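Below is one structure, written out as structure tokens; comments come after it.
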Amino acid sequence: MDAINGWYLTLDFPEPPPDRPFVYLNMVATVDGKITVDGSEQGIGSEADKRLFHELRAHADAVLDGARTARISGASPRVRDPDLIAWRRARGKPPHPLGVLITASGNLPLATPFFTSREFAAVVFAAENVPAERLAALRATGRPVHEVPAGPAGVAAMLRILRSQYGVTRLLCEGGGTLNAELVHLQSADELFLTIAPKIAGGRDNLTLVEGEPFHRDTMPLLDLVHWRHYPPTGEVFTRWRFRR
């Protein structure tokens with residue numbers, strides 16, 4: 001797998017808009033477009049995909065996950081490999097990006113590393129209608145909690161706060177599909193890194209990388225292919241797309 005190390009470390013990213021971070025999505029999907037099988041993403045990507053996953057994290061100021069992803073797969077902004085931590089330090093960055101969670105219900109697994117680890121800083125954005133006892137439990141973890149409107153307006157508010165209060169200029173979103181959809185509908189997703197795994201999942205219950213409210217023929221977002229690379233040992237294709245504005 002050494003041949004793949006560093007593929008994403010030479011990436012250049014455009015400058016962010018003035019009022020929010022530059023947002024890039026990173027997902028792995030089967031050939032039929034599914035990002036989950038048997039209820040999670042496990043089993044779709046390879047170790048090579050995980051290496052590039054962490055290289056994309058190395059570029060980020062913050063890593064964003066939705067609440068469903070946190071409940072099923074866990075959420076953490078940690079950069080796994082020591083060489084990537086050294087790469088970040090050499091560029092004046094902390095060892096790990098800021099962790100970010102956004103929740104509509106406040107139902108989050110509070111005993112997981114996102115809340116208990118002190119290796120990295122983290123922040124939670126909770127909808128204003130989250131019950132008071134859940135807000136109190138979130139704040140009791142010591143992580144800052146920001147109340148934002150429910151739905152897409154809350155996602156937009158989160159982006160503004162991350163830029164203005166936390167200095168985040170480059171935000172990596174790792175899903176899930178509903179959060180991806182909100183970012184795309186807001187025209188706040190700038191790029192998509194998509195690993196295509198040579199597998200088929202099928203099934204109506206297996207999610208796609210953009211869930212929620214559908215687009216229509218005249219509203220479907222257009223993307224430009226920036227680059228792609230095929231990795232023969234796993235058969236995966238690593239692609240980078242840019243949303244047209």
Side-chain angles (χ1 to χ4, degrees), residues 8 23-30 34-82 84-85 88 94-127 130 134-135 137-146 154-155 158 162 166 168 171-183 193-195 197 201 205-212:
Y8 279 175
V23 177
Y24 58 114
L25 317 179
N26 182 33
M27 304 297 295
V28 57
T30 60
K34 301 295 187 177
I35 64 167
T36 62
V37 61
D38 295 332
S40 79
E41 82 287 351
Q42 295 180 18
I44 297 178
S46 68
E47 279 300 313
D49 173 65
K50 290 178 183 176
R51 166 66 191 195
L52 295 186
F53 172 95
H54 283 273
E55 289 189 6
L56 286 175
R57 275 190 183 178
H59 286 278
D61 298 316
V63 174
L64 168 65
D65 288 287
R68 185 180 186 276
T69 298
R71 288 191 295 268
I72 293 175
S73 303
S76 166
R78 288 186 68 254
V79 174
R80 180 183 64 180
D81 300 331
L84 297 180
I85 293 175
R88 285 179 58 85
H96 309 287
L98 174 74
V100 184
L101 279 179
I102 186 166
T103 175
S105 67
N107 179 20
L108 292 172
L110 303 185
T112 57
F114 184 92
F115 292 100
T116 61
S117 175
R118 291 302 175 255
E119 286 187 86
F120 54 85
V123 60
V124 178
F125 291 86
V130 168
R134 286 188 174 175
L135 282 174
L138 289 171
R139 291 195 168 100
T141 67
R143 299 304 196 191
V145 178
H146 295 267
V155 176
M158 173 194 68
L162 286 174
Y166 292 89
V168 174
L171 175 65
L172 169 60
C173 177
E174 296 177 348
T178 300
L179 180 55
N180 290 343
E182 290 178 326
L183 289 165
F193 288 83
L194 175 62
T195 299
D205 293 333
N206 289 327
L207 303 178
T208 66
L209 65 91
V210 175
E211 290 288 327

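It should be emphasised that the depicted structure is a prediction, and the values quoted were computed from it without experimental measurement. Every heavy atom of this structure was used, including side-chain atoms; hydrogens, water molecules and symmetry mates were not.
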What verdict does the side chain to side chain contact (heavy atoms under 4.5 Å, CB included) test give for Met158 and Val155, after you've listed the backbone C-alpha separation in whole Å, the side-chain angles of each residue and the deciding distance to 0.1 Å?
CA-CA 5 Å; Met158 173 194 68; Val155 176; 4.1 Å; yes

Begin from the C-alpha positions of Val100 and Val63 and carry the test side chain to side chain contact (heavy atoms under 4.5 Å, CB included) through to its verdict.
CA-CA 6 Å; Val100 184; Val63 174; over 6 Å; no

Start with the C-alpha distance between Met27 and Asn180, add both sets of side-chain angles, then the distance that settles side chain to side chain contact (heavy atoms under 4.5 Å, CB included), and finish with yes or no.
CA-CA 10 Å; Met27 304 297 295; Asn180 290 343; 3.4 Å; yes

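Panel note: side chain Arg143, backbone Ala121; no donor-acceptor pair is recorded below 3.5 Å. Side-chain atoms of Arg78 never come within 3.5 Å of backbone atoms of Phe120 as a donor-acceptor pair (strictly under, hydrogens ignored). The backbone N or O of Leu101 lies less than 3.5 Å from no partner atom in the side chain of Asp65, so there is not a single donor-acceptor pair. Side-chain atoms of Lys34 come within 3.5 Å of backbone N or O of Asn206 as a donor-acceptor pair. Using modelled atom types, no side-chain atom of Tyr8 and backbone atom of His59 make a donor-acceptor pair closer than 3.5 Å. Judged purely by atom type and a 3.5 angstrom limit, Thr69 uses its side chain to pair as donor or acceptor with the backbone of Gly176. Proximity of a side-chain donor or acceptor of His54 to a complementary backbone N or O of Arg80 within less than 3.5 Å is detected. In terms of modelled atom types and a separation under 3.5 Å, the side chain of Ser117 and the main chain of Phe114 share no donor-acceptor contact.
Looking only at side-chain heavy atoms (C-beta outward), Pro95 and Arg88 stay at 4.5 Å or farther from each other. Using a 4.5 Å heavy-atom cutoff, the side chains of Phe193 and Leu25 are not in contact. Within the 4.5 Å cutoff, the side chain of Asp61 has no heavy atoms near those of the Leu98 side chain. Residues Ile85 and His96 form a side-chain contact, since some pair of their non-hydrogen atoms from C-beta on lies under 4.5 Å apart.
The distance from atom SG of Cys173 to atom CG of Leu64, rounded to the nearest 0.5 Å, is 4.5 Å. Taking OG1 from Thr36 and CG from Leu207, the interatomic distance works out to 4.0 Å, rounded to the nearest 0.5 Å. Note that OG1 of Thr178 and CG of Leu183 are 11.0 Å apart. Values are rounded to the nearest 0.5 Å.
Nearest heavy atoms, Ala126 versus Leu138: CB-CD1, 4.4 Å. Of all non-hydrogen atoms in Gly177 and Ile35, the two that sit nearest each other are N-CD1, 4.1 Å. Nearest heavy atoms, Leu179 versus Gly66: CD2-N, 3.6 Å. Minimum heavy-atom separation, Leu110 to Phe115: O-CB, 3.4 Å. For the pair Pro97 and Val79, the tightest heavy-atom approach, listed with the atom from each and the gap, is CD-CG2, 3.8 Å. The two residues Asp49 and Thr195 come nearest to each other via the heavy atoms OD1-OG1, 2.7 Å.
The aromatic rings of Phe125 and His146 sit parallel to each other, their planes meeting at less than 30°, with 60° as the upper class boundary.
Ion pairing of Lys50 with Glu41 is absent here, as no side-chain N (NZ or NE/NH1/NH2) approaches a carboxylate O to less than 4.0 Å. Checked for salt-bridge contact, Arg51 and Glu55 meet the test: a charged N lies under 4.0 Å from a carboxylate O.
The side-chain contact (heavy atoms from CB on, under 4.5 Å) check on Ala67 picks up Arg71, Thr103, Leu108, with sequence neighbours excluded. Partners of Phe53 according to the side-chain contact (heavy atoms from CB on, under 4.5 Å) rule, which considers only residues two or more places apart in sequence or in another chain, are Asn26, Arg57, Glu174.
The number of heavy atoms from other shown groups lying within 6.0 Å of CG (Asp205) does not exceed 12.
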